[in-house]
Amino acid sequence: MNRNQNSADLPGFDTQIEQANARTMEAEARTEQAEARTERAETRTEQAKTRTEQAEIRSEQAETRTELAKARTELAEVRSEQAEIRTEQAESRTELAKTRTEEAETRSEAAIRASELGYRRLFEAAKDGILILDVDTGRITDVNPFLTNLLGFSHDEMVGKTIGELSPFKDIEENRVMLERLQNNGYVRYENLPLKTRDGRKIAVEFVSNVYQAGDRNVVQCNVRDITERKQAQDEIRRINADLEQRVAERTAQLQAANLELEAFSYSVSHDLRAPLRHVMGFVDLLQKEAVPSLSEKSLRHLATISESAKLMGNLIDDLLNFSRVGRSEMRKTEVNLEALVRETLGDFQTEIAGRKVACKIHPLPAVWADRALLRLVLVNLISNAVKFTSQRAEATIEIGCLPEAGGETAFFIRDNGAGFDPHYAHKLFGVFQRLHDQDTFAGTGIGLANVQRIIQRHGGRVWAEGALDGGATFYFTLPKPNADLHAH
């Protein structure tokens, strides 16, 4: 029997099954409801857990905020304390500043008092007269002791008056005019104001007035300096100068007269001495031509000596005349190419050094400001000496150059390897007729170096020499450096 047949055969069986199915469905529904409630419970649990966590977070945040608030409170308290400290410090600094201000004011007042005291001491002790005037009225408000003693008036007699109301200043301009000048120019000055003191003495003063500020007002200070002694000294200087000018004029006239006498003497030497000298030389020539056969060898030597002496006398007369003219001739300075002048002068000695071994070395030489003709005479004399005193050398050397510039002059030299001289007698070289060698060894009149010295001194320079016996000689001379404007000219 199948199942369906069994179910049909059992009464109420389907109902039971249906009920069972209904209960099953209800059970399933309740299970689902239970599961739903479980899920909701779990959800609520999770939500509760989340809320708990959030509550914990909020609690932690609250605690953190509480701690921050506490920290801020503590910081605020610290800042408040610091502010109180700074306030106290500010108050201390204010008090200190006030104290320092008071001290500064005290020092300032002390300095003002010291300054006033110092000024007062200077005012009282000054060796010039000082007047203090009111800038509006021009009346004297103070006067120092020096001026009261100088003028012979007391302090009380002068205070309250204008300067013009005092008899010593009666010739000074009106008070109103002086005040106007002070206001316009700021000062009034009298270079040489004559005054008459109370006791009748006449003095001269330098009077200077200036406006200056004293505190919150302007005052006028007048300085009165006694220049009586200075004026007397100036008058004496003017008198001495006038006397000196008179003496210079007299000496100039005497010098002109002496120059005229020297010119006359030169003329006399040139004509009166040359005439008999020409006679001597003429008769010597006649004797040498006409009486040679009848004269002995000794007599002929005498005649030759007379002839040479007469020629030397003629040369000496020429040199003396040249020496005289050098001191009196007018100087005409121009720019001179010294190197070219040296080469030109050396050319004059070619005949004298012909057949000799003479090495001439010329260093670069600057242009100079000099009288060309006189400077050429200097070179002629110095080069002539170098040529003459190297005549006994198998190989002669002559060197011409200049020293490094020093000061306001340039030094030049002419050096040779000739006979030289004893340095102990160097001071005699530039004197007239001073010779350090005999006539037979080196001929000469002893005037050439004197001419050199006179010419160089007239140019404002110096001369000197260095040498040694048989060791050569060096002659030096200096010339002032030309001024830029003259050099450019």
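Small disclaimer: the values here were computed from a predicted structure and weren't measured. The chain is numbered in sequence order, starting from 1.
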With side-chain contact (heavy atoms from CB on, under 4.5 Å) as the criterion, how do R415 and E466 come out once you've worked through the C-alpha distance, each side chain's angles and the decisive distance to 0.1 Å? CA-CA 9 Å; R415 181 178 294 122; E466 297 174 354; over 6 Å; no
State whether the side chain of [X] and the backbone N or O of [Y] hold a donor-acceptor pair below 3.5 Å, judged by distance alone.
| X | Y | answer |
| --- | --- | --- |
| R393 | G418 | yes |
| N192 | I227 | no |
| R201 | L150 | yes |
| T478 | T410 | no |
| E339 | L365 | yes |
| E157 | S154 | yes |
| D142 | I132 | no |

In terms of relative ring orientation, are F169 and F207 parallel, tilted or perpendicular, with 30° and 60° separating the classes?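 Correct class here is perpendicular.
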Please report the closest heavy-atom contact between [X] and [Y], naming both atoms and the distance.
| X | Y | answer |
| --- | --- | --- |
| C360 | L346 | SG-CD2, 4.2 Å |
| F413 | H363 | CZ-CD2, 4.2 Å |
| K127 | F146 | O-CZ, 3.0 Å |
| P423 | A468 | CD-CA, 4.3 Å |

For atom [atom1] of [X], is the number of surrounding heavy atoms from other residues, nucleotides or ligands below 6.0 Å larger than 12?
| X | atom1 | answer |
| --- | --- | --- |
| E102 | CD | yes |
| R332 | CZ | no |
| R251 | CZ | no |
| K196 | NZ | no |
| E297 | CD | no |

Look at [X] together with [Y] and state whether they make a salt bridge at an N to O cut-off of under 4.0 Å.
| X | Y | answer |
| --- | --- | --- |
| K98 | E95 | no |
| D226 | K231 | no |
| R239 | D243 | no |
| D128 | R225 | yes |

Considering only heavy atoms from C-beta outward, does the side chain of L375 approach that of V368 to under 4.5 Å?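 Answer yes - side chains close enough.
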[atom1] of [X] to [atom2] of [Y]: how many Å apart, nearest 0.5 Å?
| X | Y | atom1 | atom2 | answer |
| --- | --- | --- | --- | --- |
| L195 | Y190 | CG | OH | 11.5 Å |
| L382 | N451 | CG | CG | 11.0 Å |
| L244 | E250 | CG | CD | 11.0 Å |
| I140 | D134 | CD1 | CG | 11.5 Å |
| T137 | R176 | OG1 | CZ | 15.0 Å |
| L193 | I203 | CG | CD1 | 9.0 Å |

Quiz item: cation-pi between R198 and F153, 6.0 Å / 45°: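 Yes - R198 lies over the ring of F153, closer than 6.0 Å to its centre and within 45° of its axis.
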Strictly by modelled atom types, are E236 and Q232 linked by a side-chain donor-acceptor pair under 3.5 Å?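 Distance-only check fails for E236 and Q232.
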Run the side-chain contact (heavy atoms from CB on, under 4.5 Å) test on I456 and F412 for me, step by step, so that the C-alpha distance in whole Å, both residues' side-chain angles and the decisive distance to 0.1 Å come before the verdict. CA-CA 11 Å; I456 294 301; F412 303 91; over 6 Å; no
With side-chain contact (heavy atoms from CB on, under 4.5 Å) as the test, would you mind laying out the steps for V220 and V211 before giving the verdict? CA-CA 5 Å; V220 179; V211 179; 4.2 Å; yes
Salt bridge (charged side-chain N to carboxylate O under 4.0 Å, His left out) between D371 and R376: does it pass, once the steps are laid out? CA-CA 9 Å; D371 184 304; R376 193 178 195 283; over 6 Å; no
Steps toward side-chain contact (heavy atoms from CB on, under 4.5 Å) verdict (N385, I414): CA-CA 10 Å; N385 271 1; I414 297 179; over 6 Å; no
